[in-house]
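Given the structure is predicted, the values throughout are model-derived calculations rather than measurements.
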Amino acid sequence: MTMLDEQTAALREEASYEPDPVHTGEVKSETQVIAIYGKGGSGKSFALSNLSYMMAQQGKRVLLIGCDPKSDTTSLLFGGKSCPTIIETSSRKKLAGEEVSIEDVCFQRDGVFAMELGGPEVGRGCGGRGIIHGFELLEKLGFHEWGFDYVLLDFLGDVVCGGFGLPIARDMCQKVIVVGSNDLQSLYVANNVCHAVEYFRKMGGNVGVAGMIVNKDDGTGEAHAFAKSVGIPVLTAIPANDDIRRKSANYQIIGVPGGEWASLFETLAVNVAEAPPLQPTPLDQDGLLNLFSADQTGGDIQLVPATQADMRGGVFEQKPSLEVIYDEA
């Protein structure tokens, strides 16, 4: 039994899970499609670009698809270079009366295949609708016939519209991974994703949460406590390290076999592959706040109702109502 299996088993026992309703079953498709969600700035693109690179070096066929309008996933993989997005390429080709081909939008580096869906200009469209359009185009390009071991989808977690929830709502992936750190905002987003998974499972969906990647881990423990509370394992914890921060900012891949951080991403690659999809038990707002001390979150503040007098900045007198009340016949 692997360490991940032991952690998952312990979580199930502690949460009194029953195997049948919790486990969504083994991945039936030859290709594992995994959607990774996280708050903007949480480091999901950093984790994914390094994870995909390590998987490719281990002999796996990997397709990395950036589904974040910032299009920063492939930038890190390609040393800072931005590749043409599917949405902008589609618009340009349509104006020219041409069809989009795979060579226009998909690029390679050391065995990793990667592309970006992209998004609309600020104020000129809906990012979620852009995601839907992007996947429709991918289907036309043969998405369901491609031969990959893993397809990794990098999704922005802050946005809750239907387009960004597409993989969960339509069972387009077998499992979800959340990325977060020891701060309330990133855990709020991770919890929201768990809520989405729970909702669509109640609607008949099959997607589960395989676990959490803790990024910028400073050892304070809130992210680990969150994972334990919602019933998912921690797949790896990437430390808050200045060398990692600097290399990430310089678009350097650190998930390289034989490198200083190789074991971190080798372990992550194994855990991502083996982790079963689980049904999480998301927290309410008080549950999230309780992961942190009250002096950090203001958790000891009481809600004091406002009165009409408060709203007017003075005295308020209740005036008689002119409403006519009729006696019941």
With a sphere of 6.0 Å drawn around CD of E98, does it hold more than 12 non-hydrogen atoms of other residues, nucleotides or ligands? yes
Let me know which of L48, I65, V112 forms a side chain to side chain contact (heavy atoms under 4.5 Å, CB included) with L152. L48
Non-hydrogen atoms of T74 and A114 that approach each other most closely: CG2-CB, 3.7 Å
Quick check on side chain to side chain contact (heavy atoms under 4.5 Å, CB included): which of V105, T89, D104 does P84 satisfy it with? T89
Shortest non-hydrogen pair, V197 vs P280, comes out as CG1-CD, 3.9 Å
Audit row: L141, W146, side chain to side chain contact (heavy atoms under 4.5 Å, CB included) steps and yes/no: CA-CA 9 Å; L141 291 173; W146 295 340; 3.9 Å; yes
I'd like to know if the side chain of T31 reaches the main chain of F148, judged simply by a donor and an acceptor atom lying under 3.5 Å from each other, with no hydrogens or angles considered. yes
Test side chain to side chain contact (heavy atoms under 4.5 Å, CB included) on L51 and M54 and set out the steps. CA-CA 5 Å; L51 170 63; M54 178 59 76; 5.6 Å; no
Can you tell me how far CZ of F292 sits from CZ of F226, rounded to the nearest 0.5 angstrom? 10.0 Å
Flag, side chain of K216 to backbone of G43, donor-acceptor distance under 3.5 Å: no
Decide yes or no for T236 and I213: does some side-chain heavy atom of the first lie under 4.5 Å from some side-chain heavy atom of the second? yes
Do side-chain atoms of H195 reach the backbone of A190 as a donor and acceptor pair under 3.5 angstrom? no
When you compare the side chain of I232 with that of V178, does any pair of heavy atoms fall below 4.5 Å? yes
Drop me the distance from Q185's CD to K39's NZ, to the nearest 0.5 angstrom. 6.0 Å
Provide the closest heavy-atom pair for N182 versus D217 in the form atom of the first, atom of the second, distance. ND2-OD1, 3.1 Å
Any L291 side-chain heavy atom under 4.5 Å of S229 side chain: yes
Could you give me the CA-CA distance, side-chain angles and deciding distance for N50 and I253, then say whether side chain to side chain contact (heavy atoms under 4.5 Å, CB included) is met? CA-CA 6 Å; N50 283 280; I253 293 293; 3.4 Å; yes
Please check this pair: side chain of Q58 against backbone of P257, looking for a donor-acceptor N/O pair closer than 3.5 Å. no
Inter-residue atom distance Q308.CD - Q318.CD, 0.5 Å rounding: 8.0 Å
For T307, does its backbone N or O pair with a side-chain atom of D310 as donor and acceptor, under 3.5 Å? yes
Taking C-beta and beyond as the side chain, do V272 and M55 meet within less than 4.5 Å on heavy atoms? yes
Between L235 and N271, what is the shortest heavy-atom contact and its length? O-ND2, 2.8 Å
Look at the side chain of N191 and the backbone N and O of P282, then say whether any donor-acceptor pair between them is shorter than 3.5 Å. no
For F143, does the CZ atom sit with more than 12 other heavy atoms under 6.0 Å from it, leaving out its own atoms? yes
Straight-line distance of S263 OG to L268 CG, nearest 0.5 Å: 11.0 Å
Using the rule side chain to side chain contact (heavy atoms under 4.5 Å, CB included), only one of D154, I168, V189 pairs with Y37; which is it? I168
Hey, is CZ on F107 packed in by over 12 heavy atoms from elsewhere, all under 6.0 Å? yes
Are any side-chain N or O atoms of S52 and backbone N or O atoms of S49, one a donor and one an acceptor, separated by less than 3.5 Å? yes
So, taking the atom named CG in L64 and the one named OH in Y150, what distance separates them when rounded to the nearest 0.5 Å? 14.5 Å
If you define the side chain from C-beta out and look only at heavy atoms, does anything of F46 sit under 4.5 Å from I254? yes
Can you tell me if OH on Y199 sees more than 12 non-hydrogen neighbours from other groups inside 6.0 Å? no
Any heavy-atom pair between the side chains of F135 and L117 that's under 4.5 Å? yes
Heavy-atom pair with the smallest gap, counting every atom of D243 and E260: OD2-OE1, 3.6 Å
Would you check, one step at a time, whether the test side chain to side chain contact (heavy atoms under 4.5 Å, CB included) holds for Y53 with R109? CA-CA 8 Å; Y53 192 89; R109 178 187 175 187; 4.0 Å; yes
Separation between CG of N241 and CG of L264, rounded to the nearest 0.5 Å: 10.0 Å
Do the non-hydrogen side-chain atoms of K140 and E136 ever get within less than 4.5 Å of each other? no
Using atom types as modelled and distance alone, determine if a side-chain donor or acceptor of E116 lies under 3.5 Å from a backbone N or O of C83. no
Could you check whether any side-chain N or O of Q174 sits under 3.5 Å from a backbone N or O of V33, counting only pairs where one atom can act as donor and the other as acceptor? yes
Within one Ile-Leu-Val-Met-Phe-Trp-Tyr cluster: V176 and M203, side-chain cutoff 4.5 Å: yes
Looking only at heavy atoms, which two atoms of T73 and S45 are closest? And how far apart? OG1-OG, 3.3 Å
Student check: side-chain heavy atoms of L138 and M115 closer than 4.5 Å: yes
